[in-house]
Amino acid sequence: MHITAVKGFNDILPAETPTRQFIEETARQVFGRFGFSEIRVPVLEKTELFCRSIGDTTDIVEKEMYTFCDKGGDSLTLRPEGTAGVMRALIEHKLYAQDNVNKLYYMGPMFRHERPQKGRYRQFHQIGAEVTGAGDPFVDAQVLLMLSRLFRELGLDEPRLQINSLGCPDCRPAYRDALVSFLGQRQELLCDDCRRRQSGNPLRALDCKAPGCIEATREAPAILEHLCGDCHDHFQAVQSYLNVAGVPFGINNRMVRGLDYYTRTTFELVTSLLGAQSAVAAGGRYDGLVSQLGGPAVPGIGFALGVERVALLLGDRCRPRTPDLFVALAGEESRRPVFQLVAALQDCGLWVETDVEGKSVKSQMRRADRLGARYSMVIGENELAAGSAALKRMADGSSRQAPLVASAVAPLLAE
Ligand code: HAM
């Protein structure tokens, strides 16, 4: 029996990597323009980091983490998201002391034991960005502007931005109480999870997909009507900056993120094109997280996008690269001069393929076709004696004579 990959853990095959590279390169370019630097943190962290940041009563911590005891008896977890590890690194290396404001981005695999389906995997990839040290609504809007620019440069206008505010430790408790007493009268409609979470995490009922919870929360009090003055002003200011920058958005006052660290602004980029997996990117402000993890009282805001979901939206827009030239060998005596010519053309920055299997010219040309080579050339005894060969453009079959030196062939391939 052969060994297969673990369920929900996917190979990313060569045909799929151009799309991934396009997403990553576009993100690097856009983030660079906004002054973000890359940080790389481990995929494995102490379990306690995620319990303390994401929250003990969230689905992620309760049900989805890959947690195990290592040989030393420590409880370790494969990171289910990137923010906690980046904040741990910020505190551990005192990055906040080197600069008040830190703008960091990261990309890499995350792990959640969810039920795999289209757009939802157990190993998936996120590209995330975090700003710490600035609580001003200007920064919220800048982060959202950067996210919207990224999608614009990816050529995607579909995901729509939805925003909400979850308030702060001053105003959320009163809202929570109002919601708990509202839900208390509708207990029988709630699913088991939401009933159990009444004391720890009642807000989750607002975006629970169970029909009973949707019914029970239909008339639920809205968080936006319970914001304190500061949170209200903050949310208004974010909206006015977004309007100034021309970033379209909608307000979704039922948006409750699946992680507990959020305060004030939260947001999601949603699409209807991916079935049940509607969030392509998501994030928000987390002003209490750094101090909660033992660092100073430094505010923060950020987001992460799901690379697989963005790749699904892009479809097959990113074509794989194809060779510039295929050099077919007609006879063994061509091998050394062709080796030399190919090496010189590669030094000019060109992708040149040749035969490595000792096949007939006909079958080499079939391979050139299959690879999608733009040009081909057959080199044998006659071409070597003449010092030139026919350079054929594969698209239309037209050909012209080219001297067998890289400096002469390279400019012809650029045409
Ligand atoms: P999140 O909403 O849990 O937030 O995940 C962000 C994005 O990751 C989602 O919108 C989705 O596109 C993608 N994603 C999540 N789970 C899966 C999965 N199982 N398979 C495929 N894609 C998935 C966070 O992780 C926060 N750390 C975001 C953040 C950064 N907030 C502040 N800073």
Side-chain angles (χ1 to χ4, degrees), residues 52-61 81 83-84 87 128-132 134-144 147 160-183 193-194 197-209 213 217 220-242 249-270 278-279 281-293 297-304:
R52 263 166 62 184
S53 53
I54 299 170
D56 280 324
T57 57
T58 57
D59 273 352
I60 296 179
V61 171
E81 58 106 49
T83 312
M87 293 307 120
E130 316 285 351
V131 184
T132 57
D136 198 282
F138 181 88
V139 178
D140 305 37
Q142 251 196 340
V143 164
L144 287 167
L147 186 58
R160 287 162 288 115
L161 174 62
Q162 297 189 338
I163 62 171
N164 192 22
S165 174
L166 292 182
C168 69
D170 283 342
C171 52
R172 204 183 307 167
Y175 172 67
R176 242 178 87 124
D177 291 348
L179 185 65
V180 169
S181 94
F182 176 88
L183 294 175
D193 273 350
C194 288
R197 283 174 182 160
Q198 278 307 284
S199 53
N201 208 344
L203 273 67
R204 291 297 303 173
L206 291 174
D207 78 343
C208 179
K209 305 288 179 286
C213 297
T217 58
I223 177 98
L224 292 180
E225 280 150 30
H226 287 74
L227 295 182
C228 62
D230 285 350
C231 287
H232 172 83
D233 293 350
H234 185 99
F235 194 48
Q236 293 303 316
V238 173
Q239 293 175 59
S240 81
Y241 283 126
L242 290 177
F249 64 91
I251 294 177
N252 175 1
N253 67 11
R254 294 171 73 90
M255 183 203 302
V256 185
R257 306 275 302 116
L259 306 95
D260 279 356
Y261 49 61
Y262 291 113
T263 51
R264 295 195 164 169
T265 318
T266 53
F267 51 89
E268 287 184 352
L269 276 185
V270 294
S278 60
R285 185 163 272 293
Y286 45 86
D287 291 344
L289 179 57
V290 177
S291 57
Q292 214 171 299
L293 291 175
V298 169
I301 181 168
F303 65 80

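- Distance CG/Leu242 to CZ/Phe249: 5.5 Å, rounded to 0.5 Å.
- Annotation: side chain of Arg172 is in contact with side chain of Leu203 (closest heavy-atom distance under 4.5 Å).
- Between Leu147 and Phe267 the shortest side-chain heavy-atom distance falls below 4.5 Å.
- A donor-acceptor pair under 3.5 Å is absent between the side-chain atoms of Arg176 and the main chain of Pro202, judged by distance alone.
- Between the Asn164 side chain and the Met255 main chain, a donor and an acceptor come within less than 3.5 Å of each other.
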Checking Phe303 against Leu269 for the side-chain contact (heavy atoms from CB on, under 4.5 Å) test, could you report, in this order, the C-alpha distance in whole Å, the side-chain angles of both residues, the deciding distance, and whether it holds? CA-CA 10 Å; Phe303 65 80; Leu269 276 185; over 6 Å; no

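- Between Thr132 and Met87 the shortest side-chain heavy-atom distance falls below 4.5 Å.
- Counting all heavy atoms, side chain and backbone alike, Val143 lies closest to Val131 at CG2-CG2, 3.7 Å.
- In plain terms, the two heavy atoms of Tyr241 and Ala141 that are nearest each other are CB-CB, 3.3 Å.
- The SG atom of Cys231 sits 7.5 Å away from the CG atom of Asp170 when rounded to the nearest 0.5 Å.
- At a cut-off of 3.5 Å, with distance as the only test, a side-chain donor of Tyr286 or Glu130 sits close to an acceptor on the other residue.
- The distance from atom CG of Asn201 to atom CD of Gln198, rounded to the nearest 0.5 Å, is 10.0 Å.
- No side-chain N or O of Thr57 forms a donor-acceptor pair with one of Arg204 less than 3.5 Å apart.
- For the pair Ser165/Ile223, no side-chain contact is recorded, criterion being any heavy-atom separation below 4.5 Å from C-beta on.
- For the pair Cys168 and Cys228, the tightest heavy-atom approach, listed with the atom from each and the gap, is SG-SG, 3.8 Å.
- Note: Thr263 OG1 to Arg285 CZ = 6.5 Å, rounded to the nearest 0.5 Å.
- Among all heavy-atom pairs drawn from Ser53 and Ala84, the shortest one is OG-CB, 3.3 Å.
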Please step through side-chain contact (heavy atoms from CB on, under 4.5 Å) for the pair Ile163 and Asn252, ending with a clear verdict. CA-CA 6 Å; Ile163 62 171; Asn252 175 1; over 6 Å; no

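- For the pair Arg160 and Val270, the minimum side-chain heavy-atom distance is below 4.5 Å.
- Across Asp230 and Arg264, no two heavy atoms sit closer than the pair CB-NH2, 3.4 Å.
- For the residue pair Tyr261 and Thr83, a side-chain donor N or O sits within less than 3.5 Å of a side-chain acceptor on the partner.
- Remark: Thr266 OG1 to Asp140 CG distance equals 10.5 Å, nearest 0.5 Å.
- To the nearest 0.5 Å, atom NE2 of residue His234 and atom CD of residue Gln239 are 10.5 Å apart.
- When all heavy atoms of Gly258 and Ile54 are compared, the closest pair comes out as O-CG2, 4.4 Å.
- For Thr58 (side chain) and Val61 (main-chain N/O), a donor-acceptor pair under 3.5 Å exists by modelled atom type.
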